[in-house]
Amino acid sequence: MTDSSLILLGIIGAPHGVRGEVRIKAFTGDPLAIADYGALSDGKGRAYEITDVRPAKEVVVARLKGVVTREAAEALNGTELFVPRDRLTPSEDEDEFLHADLIGCAVVDPAGTVLGTVTAVENYGAGDLLDIETPDGRSVLMPFTRACAPRIDIAARRIESDPPAGLFDREEKPDDAEG
């Protein structure tokens, strides 16, 4: 786990070609903007400077300063790239949130009953989902939409939810005695 003052901007993936370029899965609104933040660092404090970036299908292809061979690029596979929070410009969009700010928020229903705590924000291609750990230890994926999360108070670490009917219901297991 990293310091909360660091924000994850991307993850280096497999090499691209033989001259040290890498694929990066960027978590920035505009994937090419990952190069605009200056030097990024990994969880151990090593710095990486993106000297060139271009779009690819679901990632960006980047050249990192000092990485000139495929072997050097391969050694970086899986490296997470962070930026200090103070280098981010505040969003003017009140409906835009950093994943890091959502993780750890309590999720409550309109009556104030705690439904769980956000443990991750996932996106499998159809929009963001909040991964919520319920008080009984289950994991529930809830769409992160205004309809399901109409009120978000980051300062209070609280998300008021109006989840789809049955989303937080415990699944009934068939009774072994029947049948």
**OP:** Give the cluster check for Ile50 versus Leu9: same hydrophobic cluster or not, with ILVMFWY residues linked at side-chain heavy-atom distances below 4.5 Å.
**Re:** yes
**OP:** Determine yes or no for a side-chain-to-main-chain donor-acceptor pair under 3.5 angstrom, with Thr117 supplying the side chain and Glu133 the backbone.
**Re:** no
Original post:
When hydrophobic residues are tied together by side-chain contacts of less than 4.5 Å, even through go-betweens, does Ile152 share a cluster with Val121?
Top reply: yes
Subject >> Point-to-point distance, once rounded to the nearest 0.5 Å, from NE2 of His16 to CZ of Arg63 >> reply: 10.0 Å
Subject >> Verdict with reasoning, Thr28 to Asp36, per side-chain contact (heavy atoms from CB on, under 4.5 Å) >> reply: CA-CA 10 Å; Thr28 52; Asp36 297 341; over 6 Å; no
**OP:** Measure the spacing between CD of Glu74 and CG of Asn77 and express it to the nearest 0.5 Å.
**Re:** 8.0 Å
**OP:** Inspect the surroundings of CZ in Arg19 and state if more than 12 heavy atoms from other residues, nucleotides or ligands are less than 6.0 Å away.
**Re:** no
Subject >> Arg158 (side chain) donor-acceptor with Arg151 (main chain) under 3.5 angstrom >> reply: no
Original post:
Within a strict 4.5 Å, meaning less than it, do heavy atoms of the Val107 and Val140 side chains meet?
Top reply: no
**OP:** Indicate yes or no: at least one non-hydrogen side-chain atom of Leu32 is less than 4.5 angstrom from one of Pro55.
**Re:** yes
Original post:
Applying the 4.5 Å side-chain criterion to the ILVMFWY set and letting contacts propagate, would Tyr37 and Val61 be lumped into a single cluster?
Top reply: no
Original post:
Can you tell me if CD on Glu71 sees more than 12 non-hydrogen neighbours from other groups inside 6.0 Å?
Top reply: yes
Original post:
Heavy atoms, side chains only, cut-off 4.5 Å: are Ile159 and Leu130 in contact?
Top reply: yes
Subject >> Closest heavy-atom pair and its distance - Ala149, Met142 >> reply: CB-CE, 4.4 Å
Original post:
Looking at Leu8, Ile12, Ile24, Ile34, which hits side-chain contact (heavy atoms from CB on, under 4.5 Å) with Leu40?
Top reply: Ile34
**OP:** State whether Asp42 and Lys44 are salt-bridged, where the test is any N-O pair (Lys NZ or Arg NE/NH1/NH2 against Asp/Glu carboxylate O) under 4.0 Å.
**Re:** no
Original post:
Atom NE2 of His99 and atom CD of Glu122: how far apart are they, to the nearest 0.5 Å?
Top reply: 9.0 Å
Subject >> Close side-chain approach of Thr119 to Ile103, heavy-atom, < 4.5 Å >> reply: no
Original post:
Do Leu167 and Val118 belong together in a cluster built from hydrophobic side chains that touch within less than 4.5 Å?
Top reply: yes
Original post:
Hey, does Tyr48 have a side-chain heavy atom less than 4.5 Å from the side chain of Thr79?
Top reply: yes
Original post:
Just wondering, do Leu88 and Leu98 contact through their side chains at under 4.5 Å, heavy atoms?
Top reply: yes
Subject >> Approximate separation, where rounding is to 0.5 Å, of Glu49 CD and Ser41 OG >> reply: 13.5 Å
Subject >> Heavy-atom closest contact (Gly20 atom, Ala73 atom, distance) >> reply: O-CB, 3.7 Å
Original post:
Does a side-chain heavy-atom distance below 4.5 Å link Cys105 with Arg157?
Top reply: yes
**OP:** Using the side-chain contact (heavy atoms from CB on, under 4.5 Å) rule, take Phe168 and Asp109 through it: C-alpha gap first, then chi angles, then the decisive distance, then the call.
**Re:** CA-CA 10 Å; Phe168 285 89; Asp109 68 13; over 6 Å; no
Original post:
Closest approach of Pro143 and Leu129, non-hydrogen atoms and distance?
Top reply: CA-CD2, 3.7 Å
Original post:
How far apart are the closest heavy atoms of Asp169 and Arg138, and which atoms are they?
Top reply: O-NH1, 3.4 Å
**OP:** Identify the two heavy atoms, one from Pro150 and one from Glu160, that lie closest to each other, and give their separation to 0.1 Å.
**Re:** CD-O, 3.2 Å
Subject >> Polar side-chain atom of Thr134 near backbone of Gly116 as donor-acceptor pair, under 3.5 Å >> reply: no
Original post:
Honestly curious: do Leu6 and Ile11 fall in one hydrophobic cluster under the side-chain, below-4.5 Å linking rule?
Top reply: yes
Original post:
What's the shortest heavy-atom distance between Pro110 and Ser161, and which atoms?
Top reply: CD-O, 3.1 Å
Subject >> Distance, nearest 0.5 Å, that separates CG of Asp52 from CD of Glu21 >> reply: 7.0 Å
